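First comes the structure, then the notes that go with it.
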Amino acid sequence: MDTQLPPEPDGLEQVSIFSHAGPGKTEPKRTTDVLLETIERVEGERISIGQLIDGLGERAYGILMLLFALPTILPAPPGMSAVTGMPIVVFSMQLMIGHPHPWLPAFLRRRSILRTDLMAVLTKAEPWLRRVERITRPRFTHLVDGKMERVAGLVVFFLSIVLILPIFMGNIFPSIAIALIALALMERDGIALIAGYISAVASTVIAFGFIVLTFKIMLYAVHEFLGL
């Protein structure tokens, strides 16, 4: 994604996380709707990270981690996982220590992304997100509240470290696990969180397998070409 430092942007008014379900009734908006509405309300060609944080409200942690995980769920250009993984490291650390809202210094808040690039990623991911949202709902919420939310932050922090390592095909599976955990936090779904933890274990095993395989290939190459 093309990024640059534009002039300090005006913040976005926070998007309501509730939608009307009838007279006198409201129901929580789905995560995809909140994210799309936040982006669509931005004027101009670029949207800054600060605008996203200000507009997303209480779901900011989960949505931001999901947003930065999405580009690497599919095979991405070399180096992309390092770019998208670093913000996840920062946000997961803050979630782990119990900081109420994502915080970034001003120069990072001003870092912007082309609105068209962001919408292109979301357009590709939206069908998958909608399918996941159809089966997620608030349940076993004790698994996503309080100290358990910090545990989720710790798991995402570990996955984000794996994500930024230069491992062949090693970025896809941690990204999927991060996306599942992020969705679980946003929808307050303990079952989805358990699925995310299972994916985290599987992705760690797979990444370790790729490391071992790469090491063995290097040893074989040294033996064949250098005779050592």
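Counting from 1, the numbers follow the sequence of the chain as shown. None of these values were measured; they are calculated from a predicted model.
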### Query
Closest approach of Tyr61 and His99, non-hydrogen atoms and distance?
OH-O, 2.9 Å

### Task
Give the cluster check for Ile198 versus Leu185: same hydrophobic cluster or not, with ILVMFWY residues linked at side-chain heavy-atom distances below 4.5 Å.
yes

### Query
Hey, what's the ring geometry for Phe68 with Phe91, parallel, tilted or perpendicular (30° and 60° as the breaks)?
tilted

### Message
Please determine whether residues Ile63 and Met96 belong to a single hydrophobic cluster, defined as Ile, Leu, Val, Met, Phe, Trp and Tyr linked transitively by side-chain heavy-atom distances below 4.5 Å.
### Response
no

### Query
Phe173 versus Thr204: any side-chain heavy-atom pair under 4.5 Å?
no

### Query
Going only through I, L, V, M, F, W and Y residues with side-chain contacts under 4.5 Å, is there a path from Val151 to Ile191?
yes

### Query
Looking at OG of Ser92 and CD1 of Ile97, how far apart are the two atoms once the value is rounded to the nearest 0.5 Å?
10.5 Å

### Task
State plainly whether one hydrophobic cluster holds both Phe157 and Ile181, where clusters connect Ile, Leu, Val, Met, Phe, Trp and Tyr through side-chain heavy atoms under 4.5 angstrom apart.
no

### Query
So, does Asp189 use its side chain to make a donor-acceptor pair with the main chain of Arg137 at under 3.5 Å?
yes

### Task
For Arg46 and Gln51, work out which heavy atoms get closest and say how close.
O-OE1, 4.1 Å

#### Entry: Contact summary for Ala195 and Leu180, nearest pair of heavy atoms
O-CD1, 4.2 Å

### Task
Indicate if Ile164 and Val90 have the same hydrophobic cluster label, given that clusters are the connected sets of ILVMFWY residues with side-chain heavy-atom separations under 4.5 angstrom.
no

### Message
Are there over 12 heavy-atom neighbours, none belonging to Phe140, within less than 6.0 Å of that residue's CZ?
### Response
no

### Query
Looking at side-chain heavy atoms only, is the closest gap between Val144 and Glu149 below 4.5 Å?
no

### Query
With a 4.5 Å limit on heavy-atom distance, are the side chains of Thr116 and Glu45 in contact?
no

### Message
How about CE on Met93, more than 12 heavy atoms from neighbouring residues, nucleotides or ligands closer than 6.0 Å, or not?
### Response
no

### Message
What's the separation between atom CG in Leu122 and atom CG in Asp117, rounded to the nearest 0.5 Å?
### Response
11.0 Å

### Message
Measuring only between side-chain heavy atoms, which start at C-beta, is Leu95 closer than 4.5 Å to Val156?
### Response
no

### Query
Side chains of Ile178 and Ile88: closer than 4.5 Å at any heavy-atom pair?
yes

### Query
Mind checking whether Leu159 and Leu163 have side chains closer than 4.5 Å, heavy atoms only?
no

## Note on the structure
Interatomic distance, NZ@Lys147 vs CZ@Arg150, rounded to 0.5 Å, equals 8.0 Å

### Query
Is the closest side-chain heavy-atom distance between Val162 and Ser203 below 4.5 Å?
no

### Closest non-hydrogen atom pair between Ala177 and Gly196, with its separation
CB-O, 4.0 Å

### Query
Heavy atoms, side chains only, cut-off 4.5 Å: are Met186 and Leu183 in contact?
yes

### Query
Are Met148 and Leu193 close enough, and set up right, to give a side-chain contact (heavy atoms from CB on, under 4.5 Å), and what steps lead you there?
CA-CA 10 Å; Met148 296 306 295; Leu193 186 64; 5.8 Å; no

